[in-house]
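As structure tokens, the structure follows; a few thoughts come after it.
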Amino acid sequence: MSDESPLAWTDDGQPRSRLYGDVYFSAEDGLAETRAVFLQGCGLPEAWAGRDRFTVGELGFGTGLNILALLDLWRAAGPPGAHLHIFSVEAHPITAHEAARALSRWPELADLAGLLTARWPGRARGFHRIDLPEVGATIDLAVMDVEAALAEWPGPADAWFLDGFSPALNPAMWREEILALVAARSAPGARVATFTVAGAVRRGLAAAGFAVDKRPGFGRKRERLEARLPGELQAAGRPRVAVVGAGIAGAAAARALRALGCDPVVLDAEGPGAGASGNPAALVTPRLDAGLGPLARLFAQAFARATRLYETLPGAVVARSVLQIAGGDRDVERFARIAASDIFEPGALEPIDAATATARLGEPAPGPALDMTPALVVEPASILAAWTGPVRRAQVAQLRPGPGGWALLDAAGGTILEAEAVILTIGPVIGGLLDGLPIAPVRGQASWTDAATTPQAAAWGGYAVPTRQGLLFGATHDRGETGTDLRPGDHDRNLAALAAALPRLAARVGEAELNGRASVRATTPDHLPLAGPAPDLDGVYVLGGLGSRGFCLAPLLAEHVAAQALGAPSPLPAPLAELVAPDRFRRRAARRDRSLVTETGKGE
């Protein structure tokens, strides 16, 4: 992505696009134009009356002015307790500083502008989420080409602001294919508003199924367009949701549900952080995939979301920056390719040589490294305390369908709770409640001591990270084992792995007494998480199989599952949602069966 700003300033201080030669908003009064063209054009605020949830889509995020006008109206006239979802697209994002300068001409929006620019999205290609709990709103911004963004967003929207640069200057945004995608991502009765009355736009909207009308324009523009799909907007209720499990996955699910206006019931047999989420520290790093395809995008988006959320929690961050030590020349090449990609923020990942890594580690580095600057070491207890909320101590042994959703039963068959939706986050135990999900246990034992620490968190297959009091390192990885007893031999294995990478640090640990924890994580055959509806069980959702990267994956995937449970737009692009869908193994088996039938037919 180019370092040059897409924005230029005119002599009178107006923002103008370098790329398209068009203004970002009307020089007469951009805010008044937005209110007349988009808010009035979409029938707001009347269209959201009585709704618990309302979704607005926008093509052309720009300076964020349309969004601020919408938020201003929402806080003044939104239904009590309702949540506003905004999906916007911007292929050429400007900086927070540029946005603040452009928006400063409207002091009546200063407080909202301050909130938005303080949480301004990054420039990495992909979806970015902005939380605005102060006004009951969430923004998902797609930094990418408009066609790709619309193809990947799950929708649907109740209203659309079509605010790309002029069709004459930016025809790609107004193509018939784009307008067809807008219709495909719209709810019945959705309304569309735009400043242009270009014939191609009118015809494209009509071909997509919209009824199109001209209306009086704003300022020097004589006319504008309003359009509407057939049907009526449907109100959605607020289901009662139970979250089973109080580790990082359950805590993240509880946080995500509350952010969308739902107050879940969280259940756990032992209480928060009973498994690996109870360690004194945890790494937040992405899986590094040089293929740069959907898998790499999943981890990049999850990593960005997790670090942004953890940074907002007082006391959660123990240390910043993690060095991923190369295991050979192939790793060095892989690191360079990943660091140069556009799925991470510019400068977020930086290859460094062995000498620089040595200076950072305080002892000779085994080789070059990748400096993951935004990566974090976090304190799990602080995160669980902030996100989980009250936890009901109960062992859920069975789910039983009923007229109101699901009954959660204990081992004796007694009803613990009834809920319309259930999110299971209990690691390998999920396999005992749901048939057909290939979840396997992996036992891992981590070690820690107060006798030493490290100035720099590092990972190399093993890891060594600072805690509040000392050092955490490890961990073992034993497939199929479920014991949680603490084993001295596993401490020895962890210490040997530490000595192989960082011998001086291992020597400082020396003969110190080691503490630790053994826990059982869940893995899947393809080593990818499970996040989405459980196969054949309407209203049951799974968030598991996170392996050793729970603190990286859980926040984003929890938002995805929470959105599905509540009927809200997900922040996860459709190709990535398919990647983690729990029914993927069944779909793969079906494809293999069809392939087998085809081959058999050919042979006959």
Side-chain angles (χ1 to χ4, degrees), residues 1-10 13-20 22-25 30-31 34 56 58-72 74-75 84-144 146 149 161 163-165 259 300-301 303-313 317 320 342-349 373-374 376 555-556 571:
M1 183 175 290
S2 172
D3 291 333
E4 184 180 25
S5 172
L7 178 152
W9 300 95
T10 64
Q14 294 283 341
R16 189 174 186 87
S17 171
R18 291 182 189 272
L19 302 174
Y20 300 102
D22 199 2
V23 294
Y24 277 83
F25 45 71
L31 179 57
T34 288
V56 175
E58 179 191 45
L59 303 189
F61 182 73
T63 64
L65 177 59
N66 293 339
I67 301 306
L68 290 190
L70 176 62
L71 293 172
D72 188 44
W74 177 257
R75 67 177 173 181
L84 175 66
H85 298 262
I86 300 166
F87 171 73
S88 189
V89 182
E90 181 55 64
H92 309 289
I94 65 174
T95 67
H97 176 75
E98 289 170 328
R101 178 179 171 184
L103 298 169
S104 64
R105 66 187 62 233
W106 295 286
E108 63 268 41
L109 299 179
D111 58 334
L112 289 173
L115 288 176
L116 181 59
T117 55
R119 299 163 200 178
W120 198 252
R123 299 173 59 203
R125 176 172 56 87
F127 284 24
H128 300 249
R129 173 155 282 196
I130 305 168
D131 301 299
L132 294 168
E134 297 87 349
V135 289
T138 301
I139 303 171
D140 287 316
L141 178 67
V143 177
M144 58 175 64
V146 63
F161 301 168
D163 195 28
F165 292 114
Q301 185 181 346
F303 174 62
R305 184 61 175 151
T307 53
R308 175 170 281 213
L309 286 172
Y310 296 146
E311 289 277 14
T312 68
L313 294 179
V317 176
R320 293 171 174 83
D342 61 358
I343 62 173
F344 293 96
E345 292 300 320
L349 308 182
T373 304
L376 301 175
L556 175 66

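- Under the rule for a salt bridge (Lys or Arg N to Asp or Glu O under 4.0 Å), the partners of E311 that lie at least two apart in sequence or sit in another chain are R320.
- Applying the ring pair (Phe, Tyr, Trp, His ring centres under 6.0 Å) rule to F165 yields the partners Y20, Y24; only residues at least two apart in sequence or on another chain are considered.
- When all heavy atoms of A69 and T34 are compared, the pair lying nearest together is CB-CG2, 3.5 Å.
- The two atoms that bring G136 and W74 nearest to each other are O-NE1, 3.5 Å, heavy atoms only.
- Every side-chain contact (heavy atoms from CB on, under 4.5 Å) that A8 has, sequence neighbours left out, goes to R18.
- Between atom CG of residue L7 and atom NE2 of residue H92 there is a gap of 12.5 Å, rounded to the nearest 0.5 Å.
- Residues forming a side chain to side chain donor-acceptor pair (under 3.5 Å) with S88 (at least two apart in sequence, or on another chain): E58.
- A donor-acceptor pair under 3.5 Å is formed between the side chain of Q301 and the backbone N or O of P571.
- What you find for I130 and P121 is that their closest heavy atoms are CD1-CD, 3.5 Å.
- Considering every non-hydrogen atom in both L71 and A137, the closest pair reads CD2-CB, 3.6 Å.
- The CG atom of L70 lies 4.5 Å from the CD1 atom of I86; values are rounded to the nearest 0.5 Å.
- For P374, the side-chain contact (heavy atoms from CB on, under 4.5 Å) partners two or more places apart in sequence, or in a different chain, are F303, A348.
- Partners of W120 by side chain to side chain donor-acceptor pair (under 3.5 Å), not counting sequence neighbours: none found.
- Partners of A300 by side-chain contact (heavy atoms from CB on, under 4.5 Å), not counting sequence neighbours, listed by chain and number: I343, F344.
- In this structure P555 satisfies the side-chain contact (heavy atoms from CB on, under 4.5 Å) test together with A306, L309, Y310, W387, sequence neighbours excluded.
- For the residue pair D22/S17, the side-chain donor-acceptor check at 3.5 Å is not satisfied.
- Looking at residues two or more places apart in sequence or on another chain, you find a salt bridge (Lys or Arg N to Asp or Glu O under 4.0 Å) between D111 and R75.
- No side-chain heavy atom of L103 sits less than 4.5 Å from a side-chain heavy atom of L109.
- Across all their heavy atoms, V146 and L59 have their closest contact at CG2-CD2, 3.8 Å.
- What you find for P133 and R119 is that their closest heavy atoms are CD-NH1, 3.8 Å.
- Atom CD1 of I67 sits about 12.5 Å away from atom CG of D72, to the nearest 0.5 Å.
- Inter-residue side-chain proximity for T63 and L68 is flagged as unmet; no heavy-atom pair is nearer than 4.5 Å.
- Each salt bridge (Lys or Arg N to Asp or Glu O under 4.0 Å) pair with one or both residues in residues 97-108, not counting sequence neighbours, would appear here, but there are none.
- Rounding to the nearest 0.5 Å gives a distance of 8.0 Å between CZ of F87 and CG of L141.
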### Task
Could you give me the CA-CA distance, side-chain angles and deciding distance for L116 and I139, then say whether side-chain contact (heavy atoms from CB on, under 4.5 Å) is met?
CA-CA 10 Å; L116 181 59; I139 303 171; 4.0 Å; yes
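- Taking CH2 of W9 as the reference point, atom CD of Q14 lies at 8.5 Å (rounded to 0.5 Å).
- With sequence neighbours excluded, the residues satisfying salt bridge (Lys or Arg N to Asp or Glu O under 4.0 Å) with D140 are R129.
- In this structure T138 satisfies the side chain to side chain donor-acceptor pair (under 3.5 Å) test together with H83, sequence neighbours excluded.
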